[in-house]
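Since the structure is predicted, the reported quantities are computational estimates derived from the model, not experimental observations.
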Amino acid sequence: IIEQMLDKVDNLLIGGGMAYTFFKALGGQIGDSLVELDKINLAQTILNLAAEKNVNVQLPVDSIAAKGFSNTAERAIVDNMEIKDGFMGLDIGPNAIASFSEIVAKSKTILWNGPMGVFEMEAFQQGTKAIAEAVAQATAQGAFSLVGGGDSVAAVNKFHLSDKVSYVSTGGGAMLEYFEGKELPGIASILA
């Protein structure tokens, strides 16, 4: 889907667990953060394609990392290229929140799929909450915002912002397939 979106976007913000695969592809030290080792080459390909198409791929410069998957785990704000062993990135950090929010504020159309961290835990919800608020503020300023995917929908609901975005798609998987360029049987029959 990211490859398909590169022909349609000016900015692509990559947060959450997916970001660490990109940092690994860039040669970063990601500690114990989530990584899809079989997608490292794809991440590099996406970065190269984005550069060719003049698409700004914005990765979070910092994270809230923790020594465990727990609200009470030792935490630190870390540079995403230098996460120490024993720590895992579980939310975007304050600098990433600021840069992501700035891009969202300037956007006219926003597609949001995927939280910025483990927003279900209070210690790691600030990034997702801040981006949800930024999307709501951009919408109030005239942007069209589409939020889709189970976790993103859960986030805007948790932070009481579902009525502050343009559209909340409960068919996240189908929405992604549509943006990926796949034919959806229901839409195809309507258009036939």
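Nearest approach of P60 to I92, heavy atoms of both residues: CB-CG2, 3.7 Å. Annotation for L161 and E133: closest pair CD1-N, 3.7 Å, computed over non-hydrogen atoms. The two atoms that bring I14 and A19 nearest to each other are O-CB, 3.7 Å, heavy atoms only. The minimum heavy-atom distance between Y20 and L90, with the atom names listed, is OH-N, 4.1 Å. Smallest separation of non-hydrogen atoms from S107 and A143: O-CB, 3.4 Å. When all heavy atoms are compared, the tightest approach of P115 to D151 is CD-CB, 3.6 Å.
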| Hey, mind stepping through L26 and L59 against side-chain contact (heavy atoms from CB on, under 4.5 Å) and telling me if it holds? | CA-CA 11 Å; L26 292 169; L59 295 167; 3.8 Å; yes
| said: Walk me through whether W112 and I131 qualify under side-chain contact (heavy atoms from CB on, under 4.5 Å). | reply: CA-CA 9 Å; W112 183 22; I131 298 309; 4.3 Å; yes
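Of the possible polar contacts, none joining the D62 side chain to the I77 backbone as a donor-acceptor pair under 3.5 Å is found. A donor-acceptor pair under 3.5 Å is absent between the side-chain atoms of D10 and the main chain of V55, judged by distance alone. Without hydrogens or angle criteria, N71 side chain to E122 main chain gives a donor-acceptor distance under 3.5 Å. Put simply, the side chain of S101 never gets that close to the backbone of A134: no donor and acceptor are under 3.5 Å apart.
Side-chain contact between V104 and L13 is present, with at least one heavy-atom pair separated by less than 4.5 Å. The shortest distance between side-chain heavy atoms of S169 and L146 falls below 4.5 Å. In this structure, the side chains of Q58 and N11 stay at 4.5 Å or more apart for every pair of heavy atoms. Side chains of Q126 and F119 form no contact here, defined as non-hydrogen atoms less than 4.5 Å apart.
The environment of CZ in F144 is crowded: more than 12 heavy-atom neighbours from other residues, nucleotides or ligands sit within 6.0 Å. Other residues, nucleotides and ligands contribute more than 12 heavy atoms inside 6.0 Å of the CG atom of D7. Under a cut-off of 6.0 angstrom, the local environment of CD in E120 is crowded, with over 12 non-hydrogen atoms contributed by other residues, nucleotides or ligands. Counting heavy atoms of neighbouring residues, nucleotides and ligands inside a 6.0 Å radius, atom NZ of K8 exceeds 12 of them. Residue Q44 places its CD atom among more than 12 non-hydrogen atoms of other residues, nucleotides or ligands, all under 6.0 Å distant.
D91 contributes atom CG, which lies 8.0 Å from atom CZ of F124 (distance to the nearest 0.5 angstrom). The structure places OG1 of T72 at 13.5 Å from NZ of K67, a figure rounded to the nearest 0.5 Å. Going from atom CD of E3 over to atom OG1 of T45 covers 7.0 Å, rounded to the nearest 0.5 Å.
Checking K158 against Q125 by side-chain atom types alone, a donor-acceptor pair falls below 3.5 Å. Between the side chains of N113 and S152, no donor-acceptor pair is found at a separation under 3.5 Å. No hydrogens or angles considered: nothing links the side chains of N48 and E52 as a donor-acceptor pair under 3.5 Å. One side chain, T139 or S145, offers a donor N or O that lies under 3.5 Å from an acceptor on the other.
Hydrophobic clustering (ILVMFWY, side-chain heavy atoms < 4.5 Å, transitive): V57 and M81 are in one cluster. No chain of hydrophobic side-chain contacts below 4.5 Å, direct or via other Ile, Leu, Val, Met, Phe, Trp or Tyr residues, connects F100 to V9. Both M116 and V165 are assigned to one and the same hydrophobic cluster, defined by single-linkage of ILVMFWY side chains at heavy-atom distances under 4.5 Å. One hydrophobic cluster holds both L42 and L12 under the rule that ILVMFWY side chains link at heavy-atom gaps under 4.5 Å.
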